[in-house]
Q: 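Take this structure, written in structure tokens, and hold onto it; I'll ask about it next.
Counting from 1, the numbers follow the sequence of the chain as shown. Both backbone and side-chain heavy atoms feed into the values below; hydrogens, waters and symmetry mates do not.
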Amino acid sequence: MTAASAPPPGGNKIPATLIPGDGIGPEIVDAVVLVLAALGAPFEWDLQQGGMAGIAAGGDPLPDATLASIRRTRLALKGPLTTPVGGGFRSVNVRLREEFQLFANLRPAKTLVPGGRFDNIDLILVRENLEGLYVAFEHYIPIGDDPQAVGISSGVNTRAGSRRIVRYAFEHAVKLGRRKVTLVHKANVLKALTGVFLEAGRLIAEEYKGRIECDERIVDACAMQLVLNPWQFDVIVTTNLFGDILSDEIAGLVGGLGAAPGANIGEKAAIFEAVHGSAPDIAGRGIANPTALLLAAGLMLDHVGLTGQAHHLRKAIDDVLNRDNVRTGDLGGKASTSDYARAIVQRLSSGV
């Protein structure tokens, strides 16, 4: 736990920014706030807007007030945000990561409902969040009367950034008692762009020799092996684009993005989220699964040192899904969003 995230003295609530977001965002955020209240309401929320709600409120999907709030609290929980198509708006998520230098994207995946094709999955993917092809140095070259005949994008990986993300992955593995870190790259082809990452990773791995095992995979081989034998992996660390793709594949091993939480970590701020999108097609119907955002709230509790509450939250989710068999439609059940949240509250309140 960093000084920036430590609870204030005297048992006071921890200031945090809350961004409901778009689509199903407000529904699942309400469910999470209800559940956290049953854990003693550890956070003092500063409600702010983003995405399409931000545009409706002030013409910007990432309003100044929202940025100011996160600068103050250095901690945020957000629902899914929609970036408008066209109009010159950049990805809201990318802007947040750049604004607060959230260099590490943490995406754990663990089996929630046993008995599927892939069982006993317990993986952590650590994705570099600021470099790679997501720096979006892009332009077109015109040919003849076609102004966009050629599209060019440049990726950027720095040695310093690569060392930082790999060290974070190893330190996270040590903290959680993990056994192995796998460096995922494409240095056989992208010799400069991902070669820098691989070389830096190997150097950092030497510092942990004897404590944490390290191996390497080319990204396409890793993608195949994740569906053939995912149990060989423990902690995976990789560059931005590869991490984006592999994390969604890994989410598929545990039931999809509805079970996938995400944490964006920097030295001065941390933002927690569900990995899935805003799902406007089911917004307002009360059927959205809030599990991913609940698990993100668990990561948020871990981050601020409230590991006991995080454990109780995860246990309550497990009990509701597997002992009470209360599940939303995407998990084969009939519970509404609010039914599911109330069942978790009941578990937390009973202490069973």
Q: Answer yes or no: is there a donor N or O on one side and an acceptor on the other, between the side chain of Ser350 and the main chain of Gln346, under 3.5 Å?
A: yes

Q: May I have the step-by-step check of side-chain contact (heavy atoms from CB on, under 4.5 Å) for Arg164 and Tyr168, ending in yes or no?
A: CA-CA 6 Å; Arg164 181 170 63 175; Tyr168 179 89; 5.8 Å; no

Q: Side-chain atoms of residues 114-126: list all donor-acceptor pairs with protein atoms under 3.5 Å, sequence neighbours left out, distances to 0.1 Å.
A:
| unit_1 | atom_1 | unit_2 | atom_2 | d |
| --- | --- | --- | --- | --- |
| Asp119 | OD2 | Gly115 | N | 3.0 |
| Asp122 | OD1 | Arg178 | NH2 | 2.8 |

Q: With respect to Asn289, which candidate in Leu294, Leu257, Thr328, Ile282 satisfies the side-chain contact (heavy atoms from CB on, under 4.5 Å) definition?
A: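 Option passing the side-chain contact (heavy atoms from CB on, under 4.5 Å) with Asn289: Thr328.
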
Q: With sequence neighbours left out, write down each residue that passes side chain to side chain contact (heavy atoms under 4.5 Å, CB included) with Gln309, or none if nothing qualifies.
A: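 Per chain and number, Gln309 pairs via side chain to side chain contact (heavy atoms under 4.5 Å, CB included) with Leu39, Leu301, Leu306.
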
Q: Among residues at least two apart in sequence or on other chains, which ones pass side chain to side chain contact (heavy atoms under 4.5 Å, CB included) with Glu216?
A: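 Applying side chain to side chain contact (heavy atoms under 4.5 Å, CB included) to Glu216 gives Leu183, His185, Leu198, Arg202.
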
Q: Taking atom OG of Ser338 and atom CD1 of Ile287, what is their separation to the nearest 0.5 Å?
A: 12.0 Å

Q: Please report the interatomic distance CD1(Ile344) to OG(Ser349), rounded to the nearest 0.5 Å.
A: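 Between Ile344 CD1 and Ser349 OG, I get 11.5 Å after rounding to 0.5 Å.
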
Q: Does Asp281 have more than 12 heavy atoms from other residues, nucleotides or ligands lying within 6.0 Å of its CG?
A: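 Buried by this count: over 12 neighbours within 6.0 Å.
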
Q: Should Leu112 and Val254 count as side-chain neighbours, where that means a heavy-atom distance under 4.5 Å?
A: no

Q: Under the rule for side chain to side chain contact (heavy atoms under 4.5 Å, CB included), what residues qualify as partners of Arg327, not counting sequence neighbours?
A: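 Listed in chain order: Val113, Leu321, Asn322, Asn325, Leu331.
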
Q: How long is the gap from CG on Asn105 to CG on Asp244, to the nearest 0.5 Å?
A: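 If I round to the nearest 0.5 Å, the distance is 8.0 Å.
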
Q: By side chain to side chain contact (heavy atoms under 4.5 Å, CB included), which residues pair with Ala274, not counting sequence neighbours?
A: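 Listed in chain order: His276, Ala292, Leu293.
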
Q: Going hydrophobic residue to hydrophobic residue with side-chain gaps under 4.5 angstrom, can you get from Leu193 over to Val237?
A: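 No, it is not one cluster - the side chains of Leu193 and Val237 are not joined through contacts under 4.5 Å.
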
Q: side-chain hydrogen bond (donor to acceptor under 3.5 Å, both in side chains): which pairs involve residues 22-45, sequence neighbours left out?
A: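 For residues 22-45: none.
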
Q: Taking C-beta and beyond as the side chain, do Ile265 and Phe272 meet within less than 4.5 Å on heavy atoms?
A: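 When only atoms from C-beta onward are counted, Phe272 and Ile265 do touch, with a gap below 4.5 Å.
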
Q: For the pair Thr17 (side chain) and Ala76 (backbone), establish whether a donor and an acceptor sit closer than 3.5 Å, ignoring hydrogens and angles.
A: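 No: the side chain of Thr17 does not pair with the backbone of Ala76.
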
Q: Please answer whether the main-chain N or O of Glu131 pairs with a side-chain N or O of Glu128 as donor and acceptor at a distance below 3.5 Å.
A: yes

Q: Are any non-hydrogen side-chain atoms of Gln49 and Ile19 less than 4.5 angstrom apart?
A: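 No; the side chains remain at least 4.5 Å from each other.
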
Q: Are Asn264 and Phe100 close enough that some pair of their side-chain heavy atoms sits under 4.5 Å apart?
A: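 A side-chain contact is absent here, since even the closest heavy-atom pair is not under 4.5 Å.
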
Q: Look only at the side chain of Asp234 and the backbone of Lys180, and say whether a donor-acceptor pair between them is shorter than 3.5 Å.
A: yes

Q: What pairs with Arg217 under salt bridge (charged side-chain N to carboxylate O under 4.0 Å, His left out), at least two apart in sequence or on another chain?
A: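 Per chain and number, Arg217 pairs via salt bridge (charged side-chain N to carboxylate O under 4.0 Å, His left out) with Asp215.
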
Q: Answer yes if Val275 and Val92 sit in the same cluster of Ile, Leu, Val, Met, Phe, Trp and Tyr residues linked by side chain heavy atoms under 4.5 Å apart, and no otherwise.
A: no

Q: With a 4.0 Å cut-off, would you call Asp319 and Lys315 a salt bridge?
A: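 Between Lys315 and Asp319 there is a salt bridge, with a charged N closer than 4.0 Å to a carboxylate O.
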
Q: Is the shortest side-chain N to carboxylate O distance from Asp318 to Lys110 below 4.0 Å?
A: no

Q: Whether the side chain of Gln225 engages the backbone of Cys222 through a donor-acceptor N/O pair (distance < 3.5 Å, no angle test) should be reported.
A: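 Checked: no pair found.
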
Q: Ring pair (Phe, Tyr, Trp, His ring centres under 6.0 Å): which pairs involve residues 250-270, sequence neighbours left out?
A: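 Every candidate ring pair (Phe, Tyr, Trp, His ring centres under 6.0 Å) pair involving residues 250-270 fails, so no pair, neighbours aside, qualifies.
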
Q: Taking side chain as C-beta onward, heavy atoms only, is Ile204 less than 4.5 Å from Ser162?
A: no

Q: Would you verify whether the NZ or CZ of Arg127 falls within 45 degrees of the ring axis of Tyr134 while also being under 6.0 Å from that six-membered ring's centre?
A: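 Relative to the ring axis of Tyr134, which defines the angle, Arg127 lies inside both limits.
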
Q: Under 4.0 Å between a Lys/Arg side-chain N and an Asp/Glu carboxylate O for Asp46 and Arg72?
A: yes

Q: Just so I know, are the side chains of Lys78 and Leu81 near enough to count as touching, which here means a heavy-atom distance under 4.5 Å?
A: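 Yes - at least one pair of side-chain heavy atoms lies under 4.5 Å apart.
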
Q: Flag yes if Leu34 and Leu295 sit in one hydrophobic cluster, no otherwise; membership is Ile, Leu, Val, Met, Phe, Trp, Tyr, and two members link when side-chain heavy atoms are under 4.5 Å apart.
A: yes

Q: Give every residue pair that meets the ring pair (Phe, Tyr, Trp, His ring centres under 6.0 Å) criterion with at least one member in residues 201-248, sequence neighbours excluded.
A: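 Residue pairs passing ring pair (Phe, Tyr, Trp, His ring centres under 6.0 Å), neighbours aside: Phe170-Tyr208.
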
Q: What about Met300 and Leu47, same hydrophobic cluster or not, with Ile/Leu/Val/Met/Phe/Trp/Tyr joined at side-chain heavy-atom distances under 4.5 Å?
A: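 Yes, Met300 connects to Leu47 through the hydrophobic network.
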
Q: Could you state the interatomic distance from CD1 (Ile245) to CD1 (Ile250), rounded to the nearest 0.5 Å?
A: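 The distance works out to 12.0 Å.
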
Q: When clusters are formed by joining ILVMFWY residues with side-chain heavy atoms under 4.5 Å apart, either directly or through shared neighbours, do Val184 and Ile165 land in the same one?
A: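 Different clusters: Val184 never reaches Ile165 through Ile, Leu, Val, Met, Phe, Trp or Tyr contacts under 4.5 Å.
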
Q: Looking at Gly286, is its backbone amide N or carbonyl O close enough to the side chain of Thr337 to form a donor-acceptor pair, meaning the two atoms are under 3.5 Å apart?
A: yes

Q: A side-chain contact here means heavy atoms from C-beta on lying under 4.5 Å apart; do Glu267 and Leu102 qualify?
A: no

Q: Give a yes or no on whether the backbone of Ile55 and the side-chain of Asp60 come within a donor-acceptor separation of less than 3.5 Å.
A: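 The answer is no, because no donor-acceptor pair under 3.5 Å joins these two groups.
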
Q: Could you walk me through whether Leu77 and Ile271 pass the side-chain contact (heavy atoms from CB on, under 4.5 Å) test, one step at a time?
A: CA-CA 6 Å; Leu77 179 70; Ile271 299 177; over 6 Å; no

Q: Nearest 0.5 Å, what's the CZ-OG1 distance between Phe43 and Thr73?
A: 10.5 Å

Q: Give every donor-acceptor pair under 3.5 Å between a side-chain atom in residues 135-152 and any protein atom, sequence neighbours left out.
A:
| unit_1 | atom_1 | unit_2 | atom_2 | d |
| --- | --- | --- | --- | --- |
| Asp146 | OD1 | Gln148 | N | 2.9 |
| Asp146 | OD1 | Ala149 | N | 3.4 |

Q: Is the backbone of Ala187 close enough, under 3.5 Å, to the side chain of Thr194 for a donor and an acceptor to pair up by distance?
A: yes

Q: Under the side-chain contact (heavy atoms from CB on, under 4.5 Å) criterion, do Val235 and Thr182 qualify, and how do the steps go?
A: CA-CA 6 Å; Val235 177; Thr182 300; over 6 Å; no

Q: Step by step, work out the side-chain contact (heavy atoms from CB on, under 4.5 Å) result for Asp324 and Arg347.
A: CA-CA 10 Å; Asp324 303 334; Arg347 275 286 175 180; 2.7 Å; yes

Q: With sequence neighbours left out, which residue pairs that include part of residues 310-333 fulfil the ring pair (Phe, Tyr, Trp, His ring centres under 6.0 Å) condition?
A: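 Pairs touching residues 310-333 that pass the test: none.
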
Q: Does Lys334 pair with Asp339 as a salt bridge, N-O distance under 4.0 Å?
A: no

Q: Would you call Arg314 and Asp302 a salt bridge, taking side-chain N to carboxylate O under 4.0 Å as the test?
A: yes

Q: Sorted by first residue and then second, give each ring pair (Phe, Tyr, Trp, His ring centres under 6.0 Å) pair with at least one member in residues 330-350; sequence neighbours left out.
A: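 Sorted result for residues 330-350: empty, none.
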
Q: Yes or no on side-chain hydrogen bond (donor to acceptor under 3.5 Å, both in side chains) for Arg95 and Asn93, after CA distance, side-chain angles and deciding distance?
A: CA-CA 5 Å; Arg95 287 175 63 190; Asn93 288 331; over 6 Å; no

Q: What I'd like to find out is whether the side chain of Lys268 reaches to under 4.5 Å of the side chain of Arg71, using heavy atoms alone.
A: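 Sidechains of Arg71 and Lys268: no contact.
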
